[in-house]
Asker: 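What follows is a structure written as C-alpha cells; I'll ask about it next.
As a basis for the values below, the full set of heavy atoms in this structure was taken, side chains included, without hydrogen atoms, waters or symmetry mates. One is the number of the first residue; the rest follow in order along the sequence. Since the model is a prediction, treat every value here as computed from it, not as a measurement.
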Amino acid sequence: MFLYVLGLVALCFVYRWFKESKRVPNKEDKYVYITGCDSGFGNLLARHLDQLGYHVIAGCYTEKGEDELKKVSSDRLTTVSLDVSNSESVSKAAAVIKTLVGQKGLWAVVNNAGVSLPSGPTDWLTIEDYKGMLSVNLYGVIDTTLRVLPLIKIARGRVVNVSSVFGRISPFGGPYCVSKYGVEAFNDSLRLNMVPFGVKVACIEPGFFKTNVTDTVVVRNNMMKLWDRLPQNMKDDYGQDFLKLSLEKLDESFKLLSDWDLMKVVSCMEHAISAVHPRCRYSPGWDAKFFWLPLSYMPTCISDTFFIRNSLKLKIQSQ
C-alpha cells in the first residue's frame with residue numbers, strides 16, 4: 001500500500017513538473033514592469049528578463065541605480081525614476097509605461113520594492129515607524145498595482161507580489177511582518193478578483209537571503225539607534241545587557257539562515273511571469289520550506305512556546 005501511495009505522489013510531481021515547464025510564447029512582444037531595481041532581487045530579475053528577450057521597464061529609486069542597470073542591459077530595457085511611497089511618482093511612472101506598451105498592454109508587474117527597517121520589539125517603536133514602512137511595503141504595492149492594472153487586464157497578464165515568509169508567521173515585532181501580512185491579504189483578494197479577466201496573480205514568499213534588506217551591519221545600527229532613543233525606565237525593564245545579547249543573537253541567526261543564492265528567488269519570479277501555468281505561491285529558500293512554513297501551520301500554542309523559549313530573558317522577568 002505504501003508503494004502505491006509513493007508512486008501516486010511521484011506521478012503528481014511529474015505531472016506538476018510537466019505542466020509548469022510550459023512557457024508563454026512571443027516574449028519579445030511582452031513588457032514587464034519591475035519595482036525596486038537598484039539592487040538585490042529586482043536588479044537581478046531585470047537583467048535576467050532582459051537576457052531572455054522581454055521588454056523590461058525597471059523602476060529605480062536613484063539615478064545611480066538607473067545608470068548602472070543601463071550599462072549591463074540591452075536597449076530593450078527602459079528605466080523609470082520611481083519612489084513607490086510617493087503616489088505622484090507612481091503615477092508618473094504609470095504614464096510612461098502606458099505610452100511604451102501602447103495597445104499591447106502590460107504583460108506583468110513585479111512589486112519587488114521593499115524595506116525592512118526600522119525593526120525591533122514593538123514597544124520600542126512609534127506609529128511613524130509603522131507609517132514609513134507601510135508606505136513602501138504595502139501602500140506602494142497597492143498603489144503601483146492599481147495604476148497599471150488596466151494595462152495588465154488588456155494583456156491578460158500577471159501581477160507578481162513579493163511578500164516574505166514573515167507574511168505567514170511573525171517571530172519578531174515591528175512593522176515588517178505587519179506590512180507583509182497586508183501584502184498577502186491584498187494578493188489573495190486580487191487573485192480572486194482577477195480570475196474573470198484572465199489575469200494571474202502570484203506571491204513570492206522568500207526566506208532569509210543575503211541582500212541590502214538583511215545587511216547585518218545596517219540591522220545592528222538600527223537596533224542601537226532604537227535602543228538609544230528609549231527612555232531609561234524601559235531600558236531598565238529590558239536590562240542593560242539586552243542590547244548586547246540581542247546583537248550577538250542577531251549575528252548568529254543571520255549567519256545560520258542567510259542564503260547567498262539570490263537566483264533561487266529570481267527563478268521563482270521568472271516562472272511566475274513566464275510559465276503558462278504559474279503557481280499561486282512560491283517559497284524560495286530552505287528555511288522557508290522546511291522551517292518557517294511548517295512552523296506557521298502549527299497550533300499557536302506550539303509556535304508561541306518555541307519563540308518564547310528561544311527569546312532573550314528580560315530583566316523584568318527575573319524581578
Side-chain angles (χ1 to χ4, degrees), residues 12-24 27 30-54 56-59 106-114 116 137 141 144-145 152 157-169 176 179-181 183-188 190-191 194 199-214 257-294 296-297:
C12 288
F13 273 103
V14 170
Y15 171 74
R16 189 177 76 168
W17 172 83
F18 178 75
K19 180 181 178 182
E20 294 182 350
S21 65
K22 297 179 180 179
R23 292 295 195 268
V24 295
K27 291 180 291 187
K30 291 178 168 57
Y31 287 82
V32 179
Y33 176 32
I34 309 167
T35 69
C37 292
D38 296 78
S39 62
F41 301 133
N43 185 276
L44 278 178
L45 179 64
R47 290 155 53 187
H48 182 61
L49 294 181
D50 180 56
Q51 291 172 356
L52 292 177
Y54 285 94
V56 176
I57 306 168
L106 179 65
W107 175 250
V109 59
V110 181
N111 287 301
N112 166 75
S116 64
N137 290 5
V141 170
T144 299
T145 302
I152 294 174
R158 311 287 168 83
V159 177
V160 181
N161 295 315
V162 181
S163 177
S164 167
V165 73
F166 299 119
R168 304 285 291 276
I169 190 167
Y176 185 77
S179 68
K180 294 304 183 180
Y181 272 66
V183 171
E184 295 278 346
F186 174 68
N187 186 86
D188 289 348
L190 183 67
R191 186 180 64 250
M194 289 297 104
V199 174
K200 293 180 170 62
V201 181
C203 192
I204 315 293
E205 302 170 337
F208 267 98
F209 283 86
K210 188 65 176 178
T211 66
N212 291 341
V213 171
T214 57
L257 296 173
S258 293
D259 193 328
W260 290 78
D261 187 5
L262 304 189
M263 282 304 298
K264 291 178 181 177
V265 179
V266 173
S267 295
C268 291
M269 293 173 165
E270 185 268 323
H271 188 271
I273 295 165
S274 301
V276 174
H277 302 288
R279 299 181 187 180
C280 294
R281 279 185 165 83
Y282 298 81
S283 301
W286 68 267
D287 60 320
K289 290 183 176 69
F290 301 112
F291 181 68
W292 298 113
L293 284 179
S296 73
Y297 293 125

Asker: Is the backbone N or O of Gly207 less than 3.5 Å from a side-chain atom of Trp286, with the two atoms forming a donor-acceptor pair by type?
Answerer: no
Asker: Is there a donor-acceptor contact under 3.5 Å linking the side chains of Ser267 and Tyr282?
Answerer: no
Asker: Yes or no on side chain to side chain contact (heavy atoms under 4.5 Å, CB included) for Glu270 and Leu52, after CA distance, side-chain angles and deciding distance?
Answerer: CA-CA 10 Å; Glu270 185 268 323; Leu52 292 177; 3.7 Å; yes
Asker: For the backbone of Ser283 and the side chain of Lys289, can you confirm whether one donor and one acceptor N or O come within less than 3.5 Å of each other?
Answerer: yes
Asker: For the residue pair Leu44 and Leu262, what are the closest heavy atoms and their distance?
Answerer: CD1-CB, 3.5 Å
Asker: Is a salt bridge present between Arg281 and Glu205, judged by a nitrogen-to-oxygen distance below 4.0 Å?
Answerer: yes
Asker: Is it the case that the side chain of Arg23 and the backbone of Ser274 share a donor-acceptor pair, with hydrogens and angles ignored and the cut-off at 3.5 Å?
Answerer: no
Asker: How long is the gap from NE2 on His277 to NE2 on His271, to the nearest 0.5 Å?
Answerer: 10.0 Å
Asker: Where do Asp188 and Arg191 land on the salt bridge (charged side-chain N to carboxylate O under 4.0 Å, His left out) test, with the steps shown first?
Answerer: CA-CA 5 Å; Asp188 289 348; Arg191 186 180 64 250; 2.9 Å; yes
Asker: If you apply the rule side chain to side chain contact (heavy atoms under 4.5 Å, CB included), what do you find for Phe41 with Val110, and how did you get there?
Answerer: CA-CA 11 Å; Phe41 301 133; Val110 181; over 6 Å; no
Asker: Which atom pair, heavy atoms only, marks the closest approach of Ala272 to Val160?
Answerer: CB-CG2, 3.9 Å
Asker: What closest approach, in Å, do Val159 and Asn161 show between heavy atoms, and which atom pair accounts for it?
Answerer: CG1-OD1, 3.7 Å
Asker: Would the distance check show the side chain of Asn112 and the main-chain N or O of Ile34 forming a donor-acceptor pair, the cut-off being under 3.5 Å?
Answerer: no
Asker: Can you tell me how far the CG atom of Asn111 sits from the OG atom of Ser163, to the nearest 0.5 Å?
Answerer: 11.5 Å
Asker: Anything under 30° is parallel, anything over 60° is perpendicular, the rest tilted; go ahead and classify Trp292 against Phe208.
Answerer: tilted
Asker: Are any of the side-chain heavy atoms of Val183 and Val162 separated by less than 4.5 Å?
Answerer: no
Asker: If I compare all heavy atoms of Tyr176 with all of Ser164, which pair ends up nearest, and what's the gap?
Answerer: OH-CB, 3.6 Å
Asker: Please name the pair of heavy atoms, one in Ser296 and one in Arg168, separated by the smallest distance, quoted to 0.1 Å.
Answerer: CB-O, 3.7 Å
Asker: Find out whether Val32 and Leu45 are in side-chain contact, i.e. whether some heavy atom of one side chain is under 4.5 Å from a heavy atom of the other.
Answerer: no
Asker: Quick one: pull up CZ in Phe166 and OG in Ser179 and give me the separation to the nearest 0.5 Å.
Answerer: 12.0 Å
Asker: Grab the two heavy atoms, one from Pro284 and one from Cys268, that are nearest each other, plus how far apart they are.
Answerer: CB-SG, 3.9 Å
Asker: Are Thr144 and Tyr33 packed together at the side-chain level, in the sense that at least one heavy-atom pair is separated by less than 4.5 angstrom?
Answerer: yes
Asker: Give a yes or no answer on whether the side chain of Thr35 reaches the backbone of Ala113 with a donor-acceptor pair at less than 3.5 Å.
Answerer: yes
